[in-house]
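What you see is a predicted model; the values in this text were computed from it and never measured. Naming: A, B, ... by sequence-line order, numbering from 1 per chain.
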Amino acid sequence: MIKKYLLYAFLSVTSVITLIPFIWMLGASFMFDGKASVFPPIFLPDPFTIIQYKILFERLNVWTNFFNSLILSTMVTVLYITFTSMAGYAFAKYRFKGKKFLFNLLLSSMIIPSQVTMLPLFLLLKSMGFINTYMAIIIPGLANIFGIFLIRQYCISIPDSLIEAARMDGATDFQIYRKVILPLAVPILVTLAIFSFLGTWNDFLWPLIALTDDSMYTLPVALANLMLEHTKDPELMMAGSVVTVIPVIIAFLALQKYYIKGIMMGSVKE
Amino acid sequence: MSEVLLKNVTKIYDGGNKVVTDANFKVEDKEFVVLVGPSGCGKTTTLRMIAGLEEISSGEIFIDGKLVNNLPPKDRDIAMVFQNYALYPHMTVFENMAFGLKLKKVDKKEIDIRVKEAAKILSLEEYLNRKPKALSGGQRQRVAVGRAIVRKPKVFLFDEPLSNLDAKLRVQMRTEISKLHKQLGATMIYVTHDQTEAMTMGDRIVIMKDGIVNQVDTPLNLYNKPVNQFVAGFIGSPAMNFLSGTISDKSDLTFTSDKSELTFNFSSEQKNYLKEYISQEVVIGIRPEDISIEKTNSKSIEQECVLNVIEPMGNETFIYFEIEKVQFIARVKPLYDIKVGGKIKLYIDPEKIYLFDKKTGNHLFKNS
């Protein structure tokens with residue numbers, strides 16, 4: 001019992017610590033200029049104001065940046081899930097020549113830091129004429145070995161007999177993927193979708209490099225520009241952060257119910 | 001009409017591992033054939049080759065007279081029931097059964113009729129909206145059978161469908177599948193490692209060992225006329241007892257076991273077969289049910305034995321003893337006044353003995 005209480009106490013403390021900056025961000029975004037930069041920090045705005053949001057929407061083209069982020073994150077996520085799930089399924093369940101070699105080659109690419117690939121990637125996309133277009137963000141995000149690996153591991157746990165049963169039922173390879181594998185892989189697909197959506201939404205460096213026009217900026221890039229011009233405005237910055245973070249939280253809450261285990265139960269008896 | 005014909009079918013895996021060698025047999029229309037053998041004997045591989053899930057290394061498979069070697073499973077018009085059920089977990093019972101028909105773009109009304117018909121046969125009507133995880137093992141297996149029935153295939157394939165069920169349910173499902181076979185009048189090929197299932201369900205049985213088909217025959221013929229020592233030992237429970245020895249011809253044709261603990265003379269009918277085996281090594285086989293505690297035949301050999309283990313089954317008793325350090329088992333009527341370590345006189349009827357060539361394992365004469 002004591003162990004349980006200690007555990008809960010520990011979890012409560014850590015969650016409060018995690019939440020503090022978040023609550024402060026929310027509070028500060030509703031303060032007047034200069035009110036947030038005090039010590040000890042204040043959490044409740046007094047007096048309460050939405051002036052920072054007004055300034056934010058006046059100075060920045062928030063809606064444009066917001067839609068840039070939304071469209072890019074959604075497109076990247078949809079395409080990423082499509083390609084990685086196909087590849088992961090193929091690596092898990094198909095027998096073809098060079099499969100092991102190809103997979104290991106892809107895995108070994110994980111040791112290359114993404115920063116190293118930025119310059120060649122930029123030059124590549126530039127020669128393709130995609131710099132300062134959505135494609136510059138979408139193409140590098142189409143697939144990665146992390147997602148392929150995760151889906152492959154998950155698909156390995158799907159019994160072969162399910163695929164064979166579908167084959168006996170007359171399903172084509174694509175129908176097996178679409179009607180048997182995808183529905184079964186929902187938990188892992190949702191997990192990856194959250195990763196991909198958050199990653200693209202929050203990504204700063206690559207959009208900063210690849211997008212050069214104000215109207216193409218995603219929210220984090222636009223927000224950073226705000227910081228350069230208004231270093232003394234933490235309240236305005238926090239308002240911008242709230243606008244950036246809220247859609248992500250909504251997306252996460254909407255998807256988290258699919259984080260359910262036991263979807264395979266009852267299919268086969270081991 | 002839907003026959004299945006295998007001609008010299010061989011399966012060699014990539015590493016050169018030969019799992020099925022020259023399998024030849026024919027499954028007649030509406031016949032229930034059981035493939036049986038110990039694990040690793042190639043029976044499941046054979047079934048999977050018929051299904052089209054496994055490529056054939058050499059040989060030919062015909063379904064309904066049509067060569068199917070290169071046809072994908074969906075074009076062979078067969079259905080298969082898997083050992084682990086292989087139900088789609090995200091679909092309801094109805095959807096599981098309808099999946100194959102939907103893919104074939106069968107009319108919705110027709111799907112509904114066929115699924116409900118199958119559900120009725122299998123008593124699954126009230127479970128049609130449930131997901132597999134809400135069903136018991138027996139119900140899941142019935143759904144798997146239902147998924148096969150609705151397709152109305154030419155041939156049904158079963159891959160050890162009952163091995164995951166508990167003993168009682170297994171007996172029940174066994175009779176249900178037999179009933180279903182008669183009801184549907186379909187050709188069925190059934191794989192199992194359980195000889196009881198094979199004996200009770202099959203019209204004919206194909207016995208395999210190490211990838212080789214040993215014998216194809218009716219259950220009773222396999223029991224009475226096994227072609228070799230393996231078949232004799234595999235069919236029948238408890239298994240046949242074996243003892244090696246030599247045939248000699250001093251005054252009469254005689255069998256003497258290696259350490260001379262067991263000797264007996266042959267009947268005149270047996271002698272006809274055995275002349276050429278004089279002074280050769282042989283193995284005798286005695287079914288546990290042919291050893292008795294009463295002298296039923298004047299020629300019976302009396303053997304005094306020490307009881308090692310006694311297994312009272314209620315209606316009969318299994319007793320274990322040794323002859324020349326070889327474990328023997330006898331199936332006798334219920335005994336009440338015996339103890340482990342005690343001595344008992346047993347009688348073996350020499351006319352019911354099987355004789356096998358020690359080197360090849362082949363049966364030396366047809367005991368009828």
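- Within a 6.0 Å radius of NZ in B:Lys7, no more than 12 heavy atoms belonging to other residues, nucleotides or ligands are found.
- Residue-environment remark: OH (A:Tyr94) exceeds the threshold of 12 foreign heavy atoms within 6.0 Å.
- The closest donor-acceptor contact from the side chain of B:His90 to the backbone of A:Lys179 lies under 3.5 Å.
- Using a 4.5 Å heavy-atom cutoff, the side chains of A:Leu162 and B:Pro89 are in contact.
- In this structure, B:Met91 places its CE atom where more than 12 heavy-atom neighbours from other residues, nucleotides or ligands lie under 6.0 Å away.
- More than 12 heavy atoms of other residues, nucleotides or ligands sit less than 6.0 Å from atom NZ of A:Lys99.
- In summary, A:Asp169 and B:Lys74 do not engage in a salt bridge, as defined by a charged side-chain N under 4.0 Å from a carboxylate O.
- Heavy atoms closer than 4.5 Å to chain A are found in both the backbone and the side chain of B:Ile78.
- B:Tyr88 places a side-chain N or O within 3.5 Å of a backbone atom of A:Ala166 that can act as its donor or acceptor partner.
- Summarising the local packing, CZ of A:Phe204 is surrounded by more than 12 heavy atoms from other residues, nucleotides or ligands at distances under 6.0 Å.
- Taking both residues in full, the closest heavy atoms of A:Met168 and B:Ala79 are given as CE-C, 4.2 Å, listed atom of the first, atom of the second, then distance.
- In the displayed structure, A:Phe96 atom CZ is contacted under 6.0 Å by more than 12 heavy atoms of other residues, nucleotides or ligands.
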Could you walk me through whether A:Glu164 and B:Arg48 satisfy the side chain to side chain contact (heavy atoms under 4.5 Å, CB included) test, starting with their C-alpha distance in whole Å, then the side-chain angles of each, then the deciding distance to 0.1 Å, before giving a yes or no?
CA-CA 10 Å; A:Glu164 286 171 351; B:Arg48 290 168 58 84; 2.6 Å; yes
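- Between the B:Arg147 side chain and the A:Ala165 main chain, no donor and acceptor come within less than 3.5 Å of each other.
- Here the straight-line distance linking atom OG1 of A:Thr172 with atom CG of B:Leu103 works out to 7.5 Å at 0.5 Å rounding.
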